[in-house]
Structures are given as structure tokens and as C-alpha cells.
Amino acid sequence: MFAGRVVVTVFSLLTIPLVVGSLDGRLLTPLAYPGYLVMMIGSSVGSYLFPNYALWLFWAPFLLGSYAVAVVAGIGYRTVR
């Protein structure tokens, strides 16, 4: 349940387009929007709580948040199925 196909797929859809787009801005596609939204919410909360830290430090919470969203999606998929 914590590493099923749905979890891996949702996590990949949230992270891979955003990571690729952050490496090269020309590759930033609309597929990165959900991950970008999660990153922006986490960054705004993180910069409010810890204003002295650089934004690159928020990648770890982004990855954890993306995993949490993926697990919730996996549980929802398992419940509906």
C-alpha cells in the first residue's frame, strides 16, 4: 500500500516533470503544475516558518509531501477499487 503501483505513479507524476523543468526551464511543461503547486505551498509555509533558509532546502519537504499525496491517492484508489 505504501509502495504500490498507484503510489509510484502519482509520486512520479508529481516530481519528475518538476525536477526536469527545474533543471532546464525549456522543459517545464503543464504536467509539472501539480508538483509545482505542492512545491509552492510548501515553500510559502516553509519561508514563513523559517525565513532565513534558502529555498533549495525545501526540496526534501516537497518530496515528503509528494509522497504523502501519493499514499493518500493510493489508499483512495484501493478503497474505491
Review point. Does one hydrophobic cluster hold both F11 and Y36, with members joined at side-chain heavy-atom distances below 4.5 Å?
Key: yes
Check your understanding: Transitively linked via ILVMFWY side-chain contacts under 4.5 Å: L18 with M40?
Key -> yes
Exercise for review: Return the minimal non-hydrogen interatomic distance between L14 and P34, and the atom names on each side.
Suggested key: CD2-CB, 3.6 Å
Give the table of side-chain donor-acceptor pairs shorter than 3.5 Å for residues 61-78, with sequence neighbours excluded, one pair per line with atom names and distance.
{"residue": "S66", "atom": "OG", "partner": "F62", "partner atom": "O", "Å": "2.9"}
{"residue": "Y67", "atom": "OH", "partner": "F2", "partner atom": "O", "Å": "2.6"}

Review point. Can you name the closest pair of heavy atoms from S12 and P17 and give their distance?
Key: O-CD, 3.5 Å
Check your understanding: CG/L37 to CD1/I41 distance, rounded to the nearest 0.5 angstrom?
Key -> 4.0 Å
